[in-house]
Amino acid sequence: MIDKTELKEYEEQLKTIGITEETKQKEVLEYFYQLGKIIYKINVGRYGEEN
């Protein structure tokens with residue numbers, strides 16, 4: 001899901017918080033990507049209910 005280009009974009013930020021291994025960095029980014037998808041779906045559903 002996360003490619004090398006995206007991984008490079010966040011590499012310094014992840015290293016700052018102590019995540020130095022590439023596999024762990026990828027896991028963290030994939031986790032936040034999935035979390036973002038869940039939040040988006042919830043918010044889209046709520047938007048439809050408000051109107």
Side-chain angles (χ1 to χ4, degrees):
M1 205 179 317
I2 304 294
D3 63 9
K4 295 274 185 187
T5 306
E6 292 172 323
L7 193 58
K8 282 289 183 191
E9 290 178 25
Y10 297 103
E11 183 177 23
E12 288 302 316
Q13 293 169 340
L14 292 169
K15 283 183 178 180
T16 301
I17 59 172
I19 303 169
T20 56
E21 293 179 40
E22 185 176 321
T23 55
K24 295 293 183 188
Q25 290 175 348
K26 193 171 185 177
E27 287 176 17
V28 168
L29 290 178
E30 288 175 354
Y31 172 80
F32 280 107
Y33 174 77
Q34 292 296 326
L35 184 61
K37 283 176 50 176
I38 291 167
I39 293 169
Y40 176 80
K41 287 181 182 181
I42 290 170
N43 286 335
V44 167
R46 287 187 181 164
Y47 178 74
E49 291 172 5
E50 291 176 1
N51 292 329

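Please read all numbers here as calculations on a predicted model, not as lab measurements.
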Quick one: do Leu7 and Leu35 end up in the same hydrophobic cluster if we chain Ile, Leu, Val, Met, Phe, Trp and Tyr together by side-chain heavy atoms under 4.5 Å apart? yes

Is it possible for you to say whether Val28 and Ile17 belong to one hydrophobic cluster, with membership spreading through side-chain heavy-atom contacts below 4.5 Å? yes

Tell me whether Tyr31 shares a hydrophobic cluster with Ile39, the cluster being built from Ile, Leu, Val, Met, Phe, Trp, Tyr side chains joined at under 4.5 Å. yes

Please find the pair of heavy atoms, one from Leu14 and one from Leu29, that lie closest to each other, and give the distance. CD1-CG, 4.1 Å

Hydrophobic cluster membership, with links at side-chain heavy-atom distances under 4.5 Å among I/L/V/M/F/W/Y: are Tyr10 and Tyr33 in one? no

Tell me the side chain to side chain donor-acceptor pair (under 3.5 Å) pairs involving residues 11-26, sequence neighbours left out? Lys4-Glu22, Lys8-Glu11, Glu11-Lys15

